[in-house]
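Naming convention: chains lettered A, B, ... in sequence-line order (proteins, then strands); numbering from 1 in each chain. These values consider heavy atoms only, across backbone and side chains, with no hydrogens, waters or symmetry-generated copies.
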Amino acid sequence: MNKFRDFEKKWQEKWKKYKVFKVDNSSKKKKFYNLEMFPYPSGEGLHMGHSRNYAIGDVFARYKRLNGFNVLYPMGFDAFGLPAENAAIKTKTHPKEYTEKSIKNFISQLNALGNSYDWDRLVKTCSVDYYKWNQWLFLKFFNAGLIERKKAPVNWCNSCGTVLANEQVEDGECWRCHNKVELKLLEQWFLKITKYADELLHGIKDLEGWPEKIRLMQENWIGRSEGTLVDFKLKDTDEKIQVFTTRPDTLWGVTYIVYAPEHERVLEMVKGTEYESKVKKFIDKVSLEDRYSRTAEDKEKEGMFIGKYAFNPVNNEIIPIYIANFVLADYGTGVVMAVPAHDQRDFEFAKKYDIPIKVVIDPEDYSLDPEKMIRAYVDKGKIVNSDEKFNGSTNFESIPGINMYLEEMKYGKREIQYKLRDWLISRQRYWGTPIPMINCKECGYIPVNEGDLPIKLPLSVKFSGKGNPLLGVKDFVEAQCPKCGKVAKRETDTMDTFFDSSWYFLRYCSSDFKNGAFEEKSVKYWMPVDQYIGGAEHAVLHLLYARFFVKALRDMGFLNFSEPFLKLFTQGVVYKDGNKMSKSAGNIVSQDEMIEKYGVDSVRIFLLGLAHPSKTVEWNDEGIEASFRFLNRVYGLKDKAKSNSGFYDKHLTSKINKLIKEVGENIEKFNYNIALIKVMEFVNYLSKVKRDVSSKVFEDSFKKFLIVFSVFAPHICEELYEYHDEGYISLSDWPKYDKSKIDEKLEREDEFISDVVGDVHAVLKLVKVDNPKKLKLYIADKWKYEVYEKFKKLNTRFIREIMKEVMIKGKEKDISKLVPMLIKKGVGVILDRDVEIKLLKNNQRLLEKEFKLEIEIIEEDNGKALPFKPAILVE
RNA sequence: GCGGAAGUGCCAGAGUCUGGAAAAUGGGAAGGACUCAAAAUCCUUUGGCUUAGUGCCUACGCAGGUUCAAAUCCUGUCUUCCGCACCA
């Protein structure tokens, strides 16, 4: 359908054939690492949502490249993972086959989009060359004590048949398949990300190039809280019960203690007592529920007394011990002290089970009556019924003092808790990196020797659809203990694919490096990533894991920096018919189809001009036509220079300099939509420029414009550039702008002229000239531009006042009525030359009649006339 | 509940930091030029009223406030979207 397709393909082939975008690690230019989150290669191909995301990154890469940076802009594939395995089972192919096919398709689609990747650095996480280093890193983490096998309540997704990390559970559902997640007690491999909780948290404040939103999300996820560990004494024994509280000021108001039902000590305590069977029953009941519904805020609080008592260290009061569903086993110590008067949950529970309520904080102006309270009092107040040292003082302010007191008396100590849990990385699935561990009956779990890497994922396996197919591969499972040499069993769990994606950005720096996961020298040159671009959905997943990896690798001596991504840009989602564009929502607009119909450049500028890249947008079919039309206009300018022969170049010179400046600045801020608006305005201007511009200046400006525009529409710009210059526009230099050439005055003149054009139309209408052929407008010399400026700055009311004082020497009454309007529009401005405006009304037909109009304005202010004698002559 | 972002014309969306012209740019719609005709291109119009004079009124979620002047600053409020969510 369109002429663009031919040369679009031509240029894509040229770029590919001559490796135009290949980058070198030893360039003298300043480096710039521009990275998009690598995709999971699904079989479905790209839709407009993807296209937008990748176009955003490409514009930035091109921009930086033109600006003289050595730009690393690589692409790869997060190729392991469940969808491939599931798709394979469904279609009876092998995940490898499925993945390879998808990758091939992705590459061709990304190329069709015109993206300027250096494909020589392609990284596929499912290739042995890559996952070998996953295993190598696993061993390094293991040796550094950052990997642990432990039994813990874990999230189990039944439909995926594997465990999940906390970060991969959304609203109690599996992030991939949205199946309800169950809680299971299993022994699994964990990466000790919590060791870095504090640094991960503190590092956030230095991530100035990150969106506030993402920083907050990470902060909340890590969830630091300062509190106190307090020791209660279990009655009739010497044992202690340690609780975590952030409100030690309420310690004197504790009326019971609550254990999480699945806390390991609960069963111990009730063993052999009359409570044993009932407690067991309760635990069974609670553990049937998934974590999410159990911890919903509106969930009915349930629990039971377990027949034990403890002593409150500060006042020796004897208090009963309960178990209850609202207490979490894996936060704090899994035991809480309950202060029903000052904590809403404790209050509800106490009311339900008729436990006493003791007030220890009173509001400033009255006293609480425990009998009459309908909810807990959690605000600021004064301490009462507590130790005499603290009674009467303000509760929150007393916390440090109370903590000191507790530490002195050895009742407890300060403690910092995090919500962040260790990262569970085992997956009971096939399509992933085998965990390089061997389980020996004698020696336990022993890491594989580094020299035995890679532990290859066996390719011939049977997919039954249930369980991990690796379990049935005898050759794989049977192994020798690296320590004692006896027959042992190989670990069949594979790694969470987020392990793969936590360091791929290091691999790009030297993707074919053979002697390690990454080459120190090139990592030193390229890292950290200068600009990272991806979806906000990874805020607490990939983005947190990658930060952790970098810090851990730094501490192992492999890296010399602490944060992987200096700047982060999170792009918006594309919606259609009210839903996120996706295969499952059935509202996909395919990239191939749109490109075939309108051409790549149209697709690109449409997607980028729609709205700010960080915003979600609604797809509409009409807009892309406009983009196509716009490109047609640009294309139509290619021979225009030849017909120019004038000498009045100031305007154009100013415009082009301004364009270069503004587009550059807006791209830096990812205001692509604004940058495109500026481009469109410029093109509007270019297509209106008449013969009075010299062809040299026109051509020069046009060339500069092409370079600027090439970041958005590279194909058409390459094509047109060929007319004007040699080489690739993609490798040319971003034009320098000369600030002194940007003439705001001239810019205003333009504004003014277009205003005058409008006015003249009005004049014509008024004097009822039906079909004028020619109109000359002179604006006399004395009317300085400053006047126009002045009027702009004055407020409307003042202008109105002036208008009343306007004296008209006009000959025609009708015309005179127009004067206020003309003034309002700024008419009366002087250009420093005579301007002949030939109104091109109705295309090329010049207006015939000539008018003359004189206006004089006297300003009454201070009785002084304005120092000019304005006159507008419409001749 | 907590936290974040946002509410502008028929539609999408600028402008808000640095207060000053019914408010960019696209789209849609109407009229016109060109054409045998269409597409493309170009021009004009597009808040309301209107005695047609650029005259009046009304506008940037809603309600107030500051100011000669507010879409822009301040206060309150409503709505939408997105994160987190019994974390002791």
*Asks:* With rounding to whole Å, what would you report as the distance between C56(B) and A5(B) at their P atoms?
*Replies:*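 41 Å, rounded to whole Å.
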*Asks:* Tell me yes or no: between the side chains of T228(A) and N403(A), is some donor less than 3.5 Å from an acceptor?
*Replies:*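 Side-chain D/A pair, T228(A) to N403(A): present.
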*Asks:* Go nucleotide by nucleotide along RNA chain B from the 5' end; which of V335(A) and L610(A) gets its closest nucleotide reached first?
*Replies:*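 Its nearest nucleotide being more 5', the pick is L610(A).
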*Asks:* Between R633(A) and A40(B), is there a side-chain N or O to OP1/OP2 distance below 4.0 Å?
*Replies:*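 No, outside the criterion.
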*Asks:* Nearest heavy atom decides the nucleotide; on that basis, is F630(A) or A626(A) closer to the 5' end of RNA chain B?
*Replies:*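 Comparing both residues, the 5'-ward one is A626(A).
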*Asks:* Taking atom P of A88(B) as reference, at what distance in whole Å does atom CD of E348(A) sit?
*Replies:*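 Taking CD of E348(A) and P of A88(B), I get 16 Å after rounding.
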*Asks:* Under 4.0 angstrom, heavy atoms only, what part of the nucleic acid is L676(A) near: base, sugar-phosphate, or nothing?
*Replies:*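 It contacts nothing in the nucleic acid.
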*Asks:* Picking from G4(B), C84(B), C86(B), which would you name as closest to the side chain of W221(A)?
*Replies:*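 Shortest atom-to-atom distance from the side chain points to C84(B).
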*Asks:* Using a cut-off of strictly less than 4.0 Å, decide whether K419(A) has a side-chain nitrogen or oxygen near OP1 or OP2 of C86(B).
*Replies:*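 Indeed not, no polar side-chain atom of K419(A) lies that close.
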*Asks:* Between W221(A) and E167(A), is any side-chain donor less than 3.5 angstrom from a side-chain acceptor?
*Replies:*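 Note: W221(A) and E167(A) side chains meet the donor-acceptor criterion.
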*Asks:* Does K213(A) contact C82(B) through a side-chain donor or acceptor facing the base, at a distance under 3.5 Å?
*Replies:*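 For K213(A), whose side chain was compared with the base of C82(B), there is no donor-acceptor pair (under 3.5 Å).
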*Asks:* Under 3.5 Å for both donor-acceptor distances, Watson-Crick or wobble: does G1(B) have a partner, and if so which one?
*Replies:*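 Per the H-bond distance test, C84(B).
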*Asks:* State whether E212(A) and R215(A) are salt-bridged, where the test is any N-O pair (Lys NZ or Arg NE/NH1/NH2 against Asp/Glu carboxylate O) under 4.0 Å.
*Replies:*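 Counted as a salt bridge, because a side-chain N and a carboxylate O are separated by less than 4.0 Å.
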*Asks:* Would you say N684(A) reaches G26(B)'s phosphate, i.e. side-chain N/O to OP1/OP2 under 4.0 Å?
*Replies:*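 Affirmative; the distance criterion is met.
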*Asks:* Could you check whether the rings of Y256(A) and Y322(A) sit parallel, tilted or perpendicular, using 30° and 60° as the cut-offs?
*Replies:*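 Aromatic pair Y256(A)/Y322(A) classed perpendicular.
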*Asks:* If you measure from the C1' atom in A71(B) to the same atom in U18(B), how many Å do you get, rounded?
*Replies:*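 Comparing C1' positions in A71(B) and U18(B) gives a spacing of 15 Å.
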*Asks:* Given C87(B), is OP1 or OP2 found less than 4.0 Å from the side-chain N or O atoms of R421(A)?
*Replies:*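 For C87(B), OP1/OP2 do not have a side-chain N/O of R421(A) under 4.0 Å.
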*Asks:* When the C1' atoms of U35(B) and C49(B) are compared, how many Å lie between them, rounded to an integer?
*Replies:*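 The answer is 40 Å between these two C1' atoms.
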*Asks:* Report yes if the distance between the aromatic ring centroids of F347(A) and F349(A) is under 6.0 Å, otherwise no.
*Replies:*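 Centroid separation for F347(A) and F349(A): 6.0 Å or greater.
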*Asks:* Expressed as a whole number of Å, how far does the P atom of C57(B) sit from that of U50(B)?
*Replies:*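 C57(B) and U50(B) have their P atoms separated by 16 Å.
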*Asks:* Please tell me which of the listed nucleotides, G3(B), C86(B), U25(B), lies nearest to the side chain of L216(A)?
*Replies:*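 Output: G3(B).
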*Asks:* Quote, to the nearest angstrom, the P distance that separates C62(B) from G53(B).
*Replies:*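 To the nearest whole Å, 34 Å.
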*Asks:* What nucleic acid atoms does Q344(A) come within less than 4.0 Å of, heavy atoms only: base, sugar-phosphate, or nothing?
*Replies:*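 No contact.
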*Asks:* If I take atom OH in residue Y635(A) and atom P in nucleotide A40(B), what distance separates them, rounded to the nearest angstrom?
*Replies:*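 Rounded to whole Å, this separation is 19 Å.
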*Asks:* In whole angstrom, give the distance that lies between atom CG of N220(A) and atom P of A85(B).
*Replies:*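 For the pair N220(A) CG and A85(B) P, the rounded distance is 9 Å.
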*Asks:* For the C1' atoms, the ones on U66(B) and on G19(B), what distance do you get once it is rounded to whole angstrom?
*Replies:*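 Each nucleotide's C1' atom is 11 Å from the other's.
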*Asks:* So Y259(A) and H263(A), would you call those rings parallel, tilted or perpendicular, with 30° and 60° as cut-offs?
*Replies:*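 Taking H263(A) first and then Y259(A), their aromatic rings stand perpendicular (interplane angle over 60°).
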*Asks:* Should U41(B) form a Watson-Crick or G-U wobble pair with both distances under 3.5 Å, which nucleotide is its partner?
*Replies:*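 Matched U41(B) with A33(B) under the 3.5 Å cut-off.
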*Asks:* With a 3.5 Å cut-off and heavy atoms only, can you find an N or O donor on one side and an acceptor on the other between the side chain of R247(A) and the base of A88(B)?
*Replies:*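 No.
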*Asks:* If you measure from the C1' atom in C42(B) to the same atom in C34(B), how many Å do you get, rounded?
*Replies:*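 To the nearest whole Å, 9 Å.
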*Asks:* Sort out the partner of A69(B) for me: Watson-Crick or G-U wobble, both distances under 3.5 Å, none otherwise.
*Replies:*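 Partner of A69(B): none.
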*Asks:* Would you call the rings of H538(A) and H542(A) parallel, tilted or perpendicular, where under 30° means parallel and over 60° means perpendicular?
*Replies:*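 The rings of H538(A) and H542(A) stand perpendicular, inter-plane angle above 60°.
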*Asks:* Roughly how many Å is it from NZ in K658(A) to C1' in A24(B), rounded to a whole number?
*Replies:*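 Distance, rounded to whole Å: 12 Å.
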*Asks:* Hey, is the side chain of Y331(A) poking within less than 4.0 Å of OP1 or OP2 on A88(B), counting only N and O atoms?
*Replies:*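 The answer is yes; a side-chain N or O of Y331(A) sits under 4.0 Å from OP1 or OP2.
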*Asks:* Tell me the interatomic distance from E212(A), atom CD, to G83(B), atom C1', rounded to whole angstroms.
*Replies:*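 Taking CD of E212(A) and C1' of G83(B), I get 13 Å after rounding.
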*Asks:* Starting at CZ of R215(A) and ending at P of G3(B), how long is that distance when rounded to a whole Å?
*Replies:*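 After rounding, the gap between these two atoms is 18 Å.
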*Asks:* With rounding to whole Å, what would you report as the distance between C74(B) and A30(B) at their C1' atoms?
*Replies:*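 Looking at atom C1' only, C74(B) and A30(B) are 43 Å apart.
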*Asks:* Hey, are Y575(A) and N587(A) close enough side-chain-wise for a donor-acceptor pair under 3.5 Å?
*Replies:*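 No, no side-chain donor-acceptor pair sits under 3.5 Å.
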*Asks:* Counting just side-chain N and O atoms, does S225(A) come under 4.0 Å of either OP1 or OP2 of A88(B)?
*Replies:*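 For A88(B), OP1/OP2 do have a side-chain N/O of S225(A) under 4.0 Å.
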*Asks:* Using a 4.0 Å heavy-atom cut-off, does K615(A) contact any base of the nucleic acid, only the sugar-phosphate backbone, or nothing at all?
*Replies:*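 Since only primed, P, OP1 and OP2 atoms lie under 4.0 Å of K615(A), the category is sugar-phosphate.
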*Asks:* Calculate the interatomic distance between M680(A) atom CE and G26(B) atom C1'; express it in whole Å.
*Replies:*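 It is 6 Å, rounded to the nearest whole Å.
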*Asks:* Select one nucleotide: of A24(B), C86(B), A88(B), the one nearest the side-chain heavy atoms of I677(A).
*Replies:*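 That would be A24(B).
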*Asks:* Could you tell me the separation between the CG atom of L608(A) and the P atom of G13(B), rounded to a whole number of Å?
*Replies:*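 The answer, rounded to whole Å, is 15 Å.
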*Asks:* OP1 or OP2 of G26(B) less than 4.0 angstrom from a side-chain nitrogen or oxygen of R629(A), does that happen here?
*Replies:*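 Negative; the distance criterion is not met.
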*Asks:* Sort out the partner of U50(B) for me: Watson-Crick or G-U wobble, both distances under 3.5 Å, none otherwise.
*Replies:*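 Result: none.
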